2 protein chains.
Amino acid sequence: MATTRPEPELPTPPGRKPRRTAPPRQPLTQEFIVDTAIRVLDAEGLEAVTMRRVAQELGTGPASLYAHVSGKEELRELMLDRVAAEIRLPVPDPERWQEQLHELASEIRRVFTSHRDIAMVSMGMVPTGPHLLDVAEAQLALMRAGGVPKEIAGIAVDTLGMFLDAGAIEDTIHLTKAPPGADPWEYFQKYIGEVRAYFNALPPDRYPVVSGMVDELIAMDGEQRFEFGLGLLVRGIASYVEDEERPG
Amino acid sequence: MATTRPEPELPTPPGRKPRRTAPPRQPLTQEFIVDTAIRVLDAEGLEAVTMRRVAQELGTGPASLYAHVSGKEELRELMLDRVAAEIRLPVPDPERWQEQLHELASEIRRVFTSHRDIAMVSMGMVPTGPHLLDVAEAQLALMRAGGVPKEIAGIAVDTLGMFLDAGAIEDTIHLTKAPPGADPWEYFQKYIGEVRAYFNALPPDRYPVVSGMVDELIAMDGEQRFEFGLGLLVRGIASYVEDEERPG
DNA sequence: CATCTCCGAAGAACGGTGTTCGTTGCTTAC
DNA sequence: GTAAGCAACGAACACCGTTCTTCGGAGATG
């Protein structure tokens, strides 16, 4: 065929678009797309992860992504599962199941908050990705090893997930709202100061209790709030253990 | 100025748009805007509450809203506070503070879930609206009347709020995803069926615990899950009461 | 009563968003 | 050598929040 004969480099004829000069693009992959999306997430937050933004980062157009990903929703779930793969899972030790469950929850929180507001994707989602299922399996294994009944463990893993998601979102939501130029932490501190001033200016006759404990309401370090709620949940779950035969 | 002379009613010149024939528009109000926004929310969910949609519902353009509302964020917060006004608040009875706290939480959940996914607005937000403050005041008053220390109550009201928001979101998020034509509940049931099938098809050698309790994981009626977690939290908060002097 | 000044209402536009359609051009299988 | 399949892509569609600018009517002022 003459059409496939290796013709020498002719100049592009006049009036004809160059079509495509040199596309030595490394081929697009779902994995590579997710990698890039997470890079954008870590740098600028979940809101910045748009189809166009990811495509631009890959040097292409948004339409090219739809060959490897059904849409934005699937991309976000793939990102979440990739992040979930970073969570270090424990080997169940029945003697220490409460501590292990507490540690695992802290580890989940650590990984989630280290990727901005990725927890927003998890909220209200059934874990179907392989790594998310690994995490759920680990939580359930710990509880079952500790003697928590099936029915309780089934509800508890859901409650725990809700608590983890909500906590991670609350922690990152303020930092994400900071303008792109400024230091997020400094911005957050300024915001807290405004909240304190607002609460102090409230009419004490309408809000007597709130007005009397402004300091206690503001002194809400995210880590402390998390530990408090997590302790409540873990102890509450433990209260459902059927045979309480401790060694001692 | 001749341009401002009150000319008699001339017929509109040919080729000239009528400008505005009879604009007996009832004047736009922040309250009326919020009313309309909530009507859209109840009918089509929070996602449908856009500036354009609300303006269209009012028979005007999106720009007109910005005279009474600083932007979408403020509109959403105003909507939330309006919804919070529907929450019936208890008169504290120190003898029954735990039951009252439980009942108040259930009431909050009832009102929130009755307005689709309005809870998404509350997530990660500091309650500053008057009615939201009323609710916080009521929660704190109950706990303080029950003898919960200030520091604990300050954290607990936040944890409780997180739990309420997350629960309401989880309950409504699936219903909101239903296509506009179909019955949301039927759609949700079909989804649950798919989830069960997916879980049953998981490889048992990788997910032994999950595979062994599919029924317990699926049997998650929203109300039951809520009652379970709420009981955990309320009992946990009560365990911090300093002087446990019950009458009896 | 005439005039001026303000201010709410609104049209148009800007720069973004997710997604779809139709085409192109390469690679592979026949 | 030819045909088919398919990833890549440009363009477009229908939206979004917000801002700019103008317009017109109502109240204040003389």
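Just so it is clear, the structure is predicted and the values come from calculations on it, not from any experiment.
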Between [N] atom [atom2] and [X] atom [atom1], what is the distance in whole Å?
{"X": "H68(A)", "N": "dA7(D)", "atom1": "NE2", "atom2": "C1'", "value": "6 Å"}
{"X": "E47(A)", "N": "dC16(D)", "atom1": "CD", "atom2": "C1'", "value": "12 Å"}
{"X": "Q30(A)", "N": "dA7(D)", "atom1": "CD", "atom2": "P", "value": "12 Å"}
{"X": "Y66(A)", "N": "dT17(C)", "atom1": "OH", "atom2": "P", "value": "12 Å"}
{"X": "R52(A)", "N": "dC15(D)", "atom1": "CZ", "atom2": "C1'", "value": "11 Å"}
{"X": "M51(B)", "N": "dT19(D)", "atom1": "CE", "atom2": "C1'", "value": "14 Å"}

(message) Is the distance between the ring centroids of F163(B) and F226(B) under 6.0 Å?
(response) yes
Nucleotide nearest [X] when distance is taken to its side chain, options [options]:
{"X": "A67(B)", "options": "dG8(C), dG18(C), dG17(D)", "result": "dG8(C)"}
{"X": "T50(B)", "options": "dC16(D), dG18(C), dT19(D)", "result": "dC16(D)"}
{"X": "P62(A)", "options": "dA9(C), dT19(C), dG17(D)", "result": "dT19(C)"}
{"X": "L28(B)", "options": "dG17(D), dA9(C), dA7(D)", "result": "dA9(C)"}

(request) State, without any angle test, whether H115(A) and E86(A) hold a side-chain donor-acceptor pair at a distance under 3.5 Å. (result) yes
(request) Between R53(A) and A63(A), just flag the one whose closest nucleotide in DNA chain C comes earlier from the 5' side. (result) R53(A)
(message) Can you list, in residue-number order, the parts of residues 70-80 of chain B that come under 4.0 Å of DNA chain D, counting heavy atoms only?
(response) G71(B), K72(B)
(message) Does a side-chain N or O of T60(A) approach OP1 or OP2 of dA8(D) to a distance below 4.0 Å, or not?
(response) no
(request) Only counting residues at least two apart or in another chain, list the ones meeting salt bridge (charged side-chain N to carboxylate O under 4.0 Å, His left out) with E44(B). (result) R53(B)
(message) Before you tell me yes or no, could you show the steps for L80(B) and L132(B) under side chain to side chain contact (heavy atoms under 4.5 Å, CB included), namely the whole-Å CA-CA distance, both residues' side-chain angles and the distance that decides it to 0.1 Å?
(response) CA-CA 8 Å; L80(B) 177 64; L132(B) 280 173; 3.6 Å; yes
(request) Select base, sugar-phosphate, or nothing to describe what S64(A) touches, counting heavy atoms under 4.0 Å on all strands. (result) base
(request) Indicate yes or no: at least one non-hydrogen side-chain atom of F112(B) is less than 4.5 angstrom from one of D165(B). (result) yes
(request) Supply the atom-to-atom distance R82(B) CZ to H131(B) NE2, rounded to the nearest 0.5 angstrom. (result) 8.5 Å
(request) Mind checking the CD-OG1 spacing from E170(B) to T159(A)? Nearest 0.5 Å is all I need. (result) 9.0 Å
